Amino acid sequence: MKWSRNEIVGTNNGNISFSEDVAIDPKEFAETSLINGVKQVHAEGRGYLDQETEKFYSSMNISGIMLCPDAITGEEIEYPFETDAEDVWSFDPTDEEDVRVVTNDVIDLLPAVIDAVIMEAPLQVTEAAPEDYPSGEGWRVISEEEYQRSKDEEIDPRLAVLKKFRQE
């Protein structure tokens, strides 16, 4: 998923289409604790070079499977994902936000694919059943639903005295 400027200009009026399987090194996700790696990543889409502005516009759909740590057990689990991404590259230096600058006259879509995958990473994911949640003496991990139920049943300590009067 790399093209030189000359390759793009030589295509159908600067339009290109692509559909490729992408291999991403797990080291690319070393900065995030949300993803251990990915597999079966596929990117497809199209791009267009606007020769007047010297910008390349791409639109792609990315799908695959993330390898994420389970929020409860810490074990690695598979999490399918699919996302759309639109990016702009500039052949000229620019200070524009959200515009990638092309180096050596070659557009490489891999960094855009990696960024899109990272943006899709779930904050927490688990496959553990409630009975598998860790616990210890005087504590246990509970589900969000159980926490909400306990909060709803909890009486405000400031109003507990009023409950006494009502019972009498």
Side-chain angles (χ1 to χ4, degrees), residues 1-5 7-8 11 14-50 55-91 93-136 139-152:
M1 295 195 334
K2 289 184 182 183
W3 304 280
S4 70
R5 186 178 192 291
E7 288 176 319
I8 296 169
T11 62
N15 290 304
I16 58 169
S17 294
F18 55 91
S19 179
E20 294 185 32
D21 291 329
V22 182
I24 302 175
D25 189 334
K27 293 177 187 173
E28 296 291 342
F29 304 108
E31 298 293 318
T32 178
S33 62
L34 301 175
I35 306 173
N36 295 339
V38 291
K39 64 182 187 178
Q40 300 174 4
V41 178
H42 184 80
E44 63 180 84
R46 61 188 178 285
Y48 168 73
L49 175 64
D50 184 345
K55 291 185 178 167
F56 179 80
Y57 300 89
S58 75
S59 175
M60 60 184 145
N61 177 273
I62 306 157
S63 60
I65 298 173
M66 284 184 210
L67 305 173
C68 302
D70 188 295
I72 301 294
T73 65
E75 295 176 10
E76 189 170 88
I77 59 175
E78 294 183 351
Y79 181 80
F81 71 92
E82 183 173 354
T83 186
D84 294 320
E86 294 186 4
D87 289 286
V88 179
W89 282 264
S90 175
F91 284 93
T94 182
D95 291 333
E96 288 182 66
E97 199 172 305
D98 298 330
V99 175
R100 300 171 187 264
V101 177
V102 176
T103 56
N104 300 326
D105 261 6
V106 175
I107 294 174
D108 184 4
L109 294 183
L110 186 59
V113 171
I114 293 169
D115 289 348
V117 170
I118 290 172
M119 293 300 289
E120 286 299 307
L123 295 178
Q124 292 182 344
V125 63
T126 187
E127 289 181 342
E131 58 270 7
D132 294 335
Y133 288 8
S135 62
W139 67 272
R140 66 186 175 99
V141 175
I142 59 174
S143 67
E144 183 72 24
E145 294 82 22
E146 189 175 345
Y147 172 76
Q148 286 300 330
R149 262 194 316 274
S150 71
K151 282 303 217 186
D152 292 343

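All of these numbers come straight from a predicted model, not from anything done at the bench.
- Of all heavy-atom pairs between E82 and E120, the closest is O-OE1, 4.1 Å.
- In this structure, R46 is not positioned above the aromatic face of F18 in the sense of NZ or CZ being under 6.0 Å from the six-membered ring centre and within 45° of the axis.
- Put simply, OG1 on T103 and CD1 on I107 are 10.0 Å apart, with the number rounded to the nearest 0.5 Å.
- Note that CG of D115 and CG of L109 are 11.5 Å apart. Values are rounded to the nearest 0.5 Å.
- Put simply, the side chain of R100 does not reach to within 4.5 Å of the side chain of V88, judged on heavy atoms.
- Atom OG of S59 is separated from atom CG of D87 by 9.5 Å, given to the nearest 0.5 angstrom.
- Taking all atoms of both residues into account, the shortest heavy-atom contact from V117 to I35 is O-CD1, 4.0 Å.
- Counting only heavy atoms from C-beta outward, the side chains of F81 and I65 never approach each other to under 4.5 Å.
- Atom CG of L49 sits about 12.5 Å away from atom CD of E7, to the nearest 0.5 Å.
- H42 contributes no side-chain N or O that, together with a main-chain N or O of I62, makes up a donor-acceptor pair within less than 3.5 Å.
- Residues satisfying the side chain to side chain contact (heavy atoms under 4.5 Å, CB included) test with I77, not counting sequence neighbours, are D70, V125, E127.
- In this structure, E144 has no salt bridge (charged side-chain N to carboxylate O under 4.0 Å, His left out) partners at least two apart in sequence or on a different chain.
- How far NZ of K39 is from CG of D21: 14.0 Å, rounded to the nearest 0.5 Å.
- At a cut-off of 3.5 Å, with distance as the only test, a side-chain donor of E76 or N36 sits close to an acceptor on the other residue.
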Report task. Give the C-alpha distance, both sets of side-chain angles, the deciding distance and a yes or no for side-chain contact (heavy atoms from CB on, under 4.5 Å) between M60 and D84. Result -> CA-CA 6 Å; M60 60 184 145; D84 294 320; over 6 Å; no

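- Contact check for V22 versus L110: side-chain heavy atoms found under the 4.5 Å cut-off.
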Requested in this report: For salt bridge (charged side-chain N to carboxylate O under 4.0 Å, His left out), just list the numbers for K151 and E146, CA-CA rounded to whole Å, side-chain angles, deciding distance to a tenth of an Å, and then say yes or no.
Outcome: CA-CA 9 Å; K151 282 303 217 186; E146 189 175 345; over 6 Å; no

**Report entry** Verdict with supporting geometry, I16 and W3, side-chain contact (heavy atoms from CB on, under 4.5 Å)
**Finding:** CA-CA 10 Å; I16 58 169; W3 304 280; 3.5 Å; yes

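- The line from OG of S19 to CD of E44 is 4.5 Å long, rounded to the nearest 0.5 Å.
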With a 3.5 Å cut-off and sequence neighbours excluded, list the donor-acceptor pairs that the side chains of residues 26-34 form with protein atoms.
| residue | atom | partner | partner atom | Å |
| --- | --- | --- | --- | --- |
| T32 | OG1 | L34 | N | 3.2 |

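- Within the 4.5 Å cutoff, the side chain of V101 has no heavy atoms near those of the F91 side chain.
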Query raised in the report: Does the side-chain contact (heavy atoms from CB on, under 4.5 Å) test come out yes or no for F56 and S90, once each step is laid out?
Result: CA-CA 6 Å; F56 179 80; S90 175; over 6 Å; no

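- Residues V38 and L67 form no side-chain contact, since every pair of their non-hydrogen atoms from C-beta on lies 4.5 Å or further apart.
- Counting only heavy atoms from C-beta outward, the side chains of T126 and T73 never approach each other to under 4.5 Å.
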